Number of protein chains: 2
Amino acid sequence: MDRKQEILEVATELVQTHGYSAFSYHDLSERLGITKASIHHHFAGKADLGFAVAEKCLQDIAAALTASKQSSNDPWKQIEGYFAIVSSDIRSQERICPAGSTQADINVVPEPMAEKMIELVQYIVSWLSDIIKDGRDQGVMTFPGTPREQAELIFSAAQGAMQYGRANGEKRGLSVLKQIKATLKPKR
Amino acid sequence: MDRKQEILEVATELVQTHGYSAFSYHDLSERLGITKASIHHHFAGKADLGFAVAEKCLQDIAAALTASKQSSNDPWKQIEGYFAIVSSDIRSQERICPAGSTQADINVVPEPMAEKMIELVQYIVSWLSDIIKDGRDQGVMTFPGTPREQAELIFSAAQGAMQYGRANGEKRGLSVLKQIKATLKPKR
DNA sequence: GATTGTCTACCTTCTAGTAGATAGACTATC
DNA sequence: GATAGTCTATCTACTAGAAGGTAGACAATC
């Protein structure tokens with residue numbers, strides 16, 4: 001039972017660092033010190049494992065974002081929960097958002113996994129949208145267009161920031177993240 | 001000689017649609033109607049082909065952006081050259097920026113190709129930076145921080161928009177692009 | 001006659017996935 | 001409490017196919 005979680009965690013890491021198509025059962029088996037066949041015992045095929053990774057990511061992020069929203073009434077503190085996750089991925093210099101990795105590989109990833117990841121993306125966009133709507137209503141955030149449109153921009157920019165940061169250095173990635181926040185701040 | 005260009009074009013397309021690691025010499029040979037061995041005659045190995053793709057992309061984008069900059073003195077018209085390329089990739093619903101595809105796959109792609117792609121990224125960021133600096137000086141664009149920081153944000157957001165658009169539909173991708181422009185516009 | 005572009009036929013390595021065996025832990029029954 | 005059956009997690013050993021790549025032959029062209 002523990003093993004299954006262990007496999008899932010390493011697989012998630014590999015999806016974030018190398019992408020779905022570029023990691024193998026062999027890689028997993030070496031990392032975990034068990035044989036490929038044992039992994040097949042827990043996850044029948046790579047597609048099943050990929051789907052499980054997507055499900056786990058959705059659950060984890062939903063839990064983290066829900067907690068962050070409930071922890072305060074200040075939209076800036078709420079949204080910081082998302083930025084903190086992005087920031088830690090950038091700081092790792094290896095991981096990018098699994099959704100980003102999957103979006104980039106969308107033509108290669110098995111359908112059910114891709115669908116779950118899109119669900120994850122939509123979850124984040126809705127969550128962001130709610131918060132910046134409050135922020136605008138309270139006069140502490142400014143942006144053009146609808147909250148959803150701006151939420152999609154923030155999400156896209158954050159995805160890009162993680163990839164940019166991994167390729168060009170932590171400092172540059174964090175700079176983009178800072179700039180996203182600056183763009184939201186009122187009275188320029 | 002023509003063949004070499006032909007291979008390069010199809011390879012570029014495959015990098016954009018499937019990513020470097022997820023396309024094969026076999027795929028290429030089927031698309032082109034020649035054998036794998038013939039492709040090896042033109043490009044000794046996959047890494048060489050990948051590097052050539054990156055070089056071609058850099059040349060193409062540099063030519064397009066230079067032309068766009070020279071075509072006008074209006075920063076909004078100049079920057080539209082970049083947005084038009086992003087927009088056409090989004091509209092294709094298949095292609096994303098090759099640099100984005102490579103950034104997402106950075107741990108998998110051969111070093112020289114990755115370096116060329118980073119060169120390409122830096123080229124675009126510098127180009128954007130110059131234009132929005134002019135835009136701000138002329139009072140037709142507004143943004144917080146330095147031009148470079150804002151250029152990195154625009155680039156990251158555009159990368160994200162292409163990936164978001166491919167996974168969630170052309171309409172959503174174009175909406176993000178619109179929002180990037182809106183954010184740059186003064187007097188909100 | 002050398003060069004260029006293509007072919008067929010092959011090699012090696014890696015891939016996901018399968019078959020079948022084994023050892024240990026739980027669970028019912030005698 | 002011993003016995004028999006079942007379940008779980010693992011193993012070794014294998015398969016078929018795809019991957020990148022090579023060797024050498026054959027025409028056509030310059």
Side-chain angles (χ1 to χ4, degrees), chain A residues 1-56 101-102 105-114 116, chain B residues 1-56 98 101-102 104-114 116:
Chain A
M1 287 298 162
D2 226 28
R3 245 311 134 73
K4 199 162 180 172
Q5 284 306 310
E6 224 180 310
I7 295 169
L8 215 42
E9 262 160 47
V10 177
T12 302
E13 186 194 319
L14 291 176
V15 167
Q16 289 187 268
T17 54
H18 293 78
Y20 174 80
S21 65
F23 87 90
S24 66
Y25 268 48
H26 177 74
D27 296 333
L28 274 175
S29 82
E30 280 205 326
R31 277 283 300 269
L32 290 160
I34 56 174
T35 59
K36 285 190 307 159
S38 299
I39 302 170
H40 276 287
H41 172 74
H42 294 283
F43 298 96
K46 198 181 173 184
D48 304 272
L49 178 53
F51 183 76
V53 166
E55 258 189 327
K56 180 185 181 301
S101 155
T102 307
D105 265 359
I106 198 87
N107 289 319
V108 175
V109 157
E111 268 274 322
M113 178 179 178
K116 256 294 169 233
Chain B
M1 286 298 163
D2 226 29
R3 246 309 134 74
K4 198 162 180 172
Q5 284 305 311
E6 224 180 310
I7 295 170
L8 214 41
E9 262 160 47
V10 177
T12 303
E13 185 194 319
L14 291 176
V15 167
Q16 289 186 267
T17 54
H18 291 80
Y20 174 80
S21 65
F23 88 90
S24 66
Y25 268 48
H26 177 75
D27 295 333
L28 274 174
S29 83
E30 280 204 328
R31 279 283 301 269
L32 291 160
I34 57 175
T35 59
K36 285 190 305 162
S38 298
I39 302 171
H40 277 286
H41 172 73
H42 295 283
F43 297 96
K46 197 181 175 184
D48 305 273
L49 177 52
F51 182 76
V53 166
E55 257 188 329
K56 179 184 181 299
S101 155
T102 306
D105 265 358
I106 198 88
N107 289 320
V108 176
V109 157
E111 268 274 322
M113 178 179 179
K116 255 293 170 234

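Just so it is clear, the structure is predicted and the values come from calculations on it, not from any experiment. Naming convention: chains lettered A, B, ... in sequence-line order (proteins, then strands); numbering from 1 in each chain.
Checking the phosphate oxygens (OP1, OP2) of dG5(C), no side-chain nitrogen or oxygen of Ser38(B) falls inside 4.0 Å. Distances shorter than 4.0 Å separate none of the side-chain N or O atoms of His26(A) from OP1 or OP2 on dT15(C). The side chain of Arg3(A) contributes no N or O atom lying less than 4.0 Å from OP1 or OP2 of dA9(D).
Ser24(A) comes within 4.0 angstrom of sugar-phosphate atoms only, judged by non-hydrogen atoms across all strands, and of no base. Nucleic acid contact class of Phe23(A) (heavy atoms, under 4.0 Å, all strands): sugar-phosphate only.
The NE2 atom of His18(A) lies 12.5 Å from the CG atom of Asp105(A); values are rounded to the nearest 0.5 Å. Atom CD of Glu55(B) and atom NZ of Lys116(B) lie 5.0 Å apart (nearest 0.5 Å). Atoms CD and CG, from Glu9(A) and Leu32(A) in turn, are 10.0 Å apart once rounded to the nearest 0.5 Å.
Rounded to a whole Å, the CG atom of Asp48(A) is 13 Å from the P atom of dA16(C). Distance OH (Tyr25(A)) to P (dT13(C)): 25 Å, rounded to an integer number of Å. At whole-Å resolution of the value, NE2 in His18(B) and C1' in dA19(D) are 16 Å apart. Whole-Å rounding puts the His40(A) NE2 to dG17(C) P distance at 5 Å. Nucleotide dT22(D) holds its P atom 14 Å from the CD1 atom of Ile39(B), rounded to whole Å. Summarising the geometry, the separation between CG on Leu49(B) and C1' on dG21(D) is reported as 14 Å, rounded to the nearest angstrom. One interatomic measurement links the two molecules: CG of Asp27(A) to C1' of dT13(C), which rounds to 14 Å at whole-angstrom precision. The separation between His42(A) atom NE2 and dG17(C) atom C1' is 16 Å, rounded to whole Å.
Relative to the side chain of Ala37(B), the nucleotides dT12(D), dT6(C), dC7(C) differ in distance, and dC7(C) lies closest.
Cation-pi geometry between Lys46(B) and Tyr25(B) is not met at under 6.0 angstrom from the ring centre and within 45 degrees of the axis.
Judged by distance alone, the side chains of Asp27(A) and Ser24(A) do bring a donor and an acceptor atom under 3.5 Å apart.
For Lys46(A) and dG17(C), a side-chain-to-base donor-acceptor distance below 3.5 Å is absent, hydrogens and geometry of angles not being considered.
For the pair Lys36(B) and Ala47(A), both in contact range of DNA chain C, the more 5′-proximal nearest nucleotide belongs to Lys36(B).
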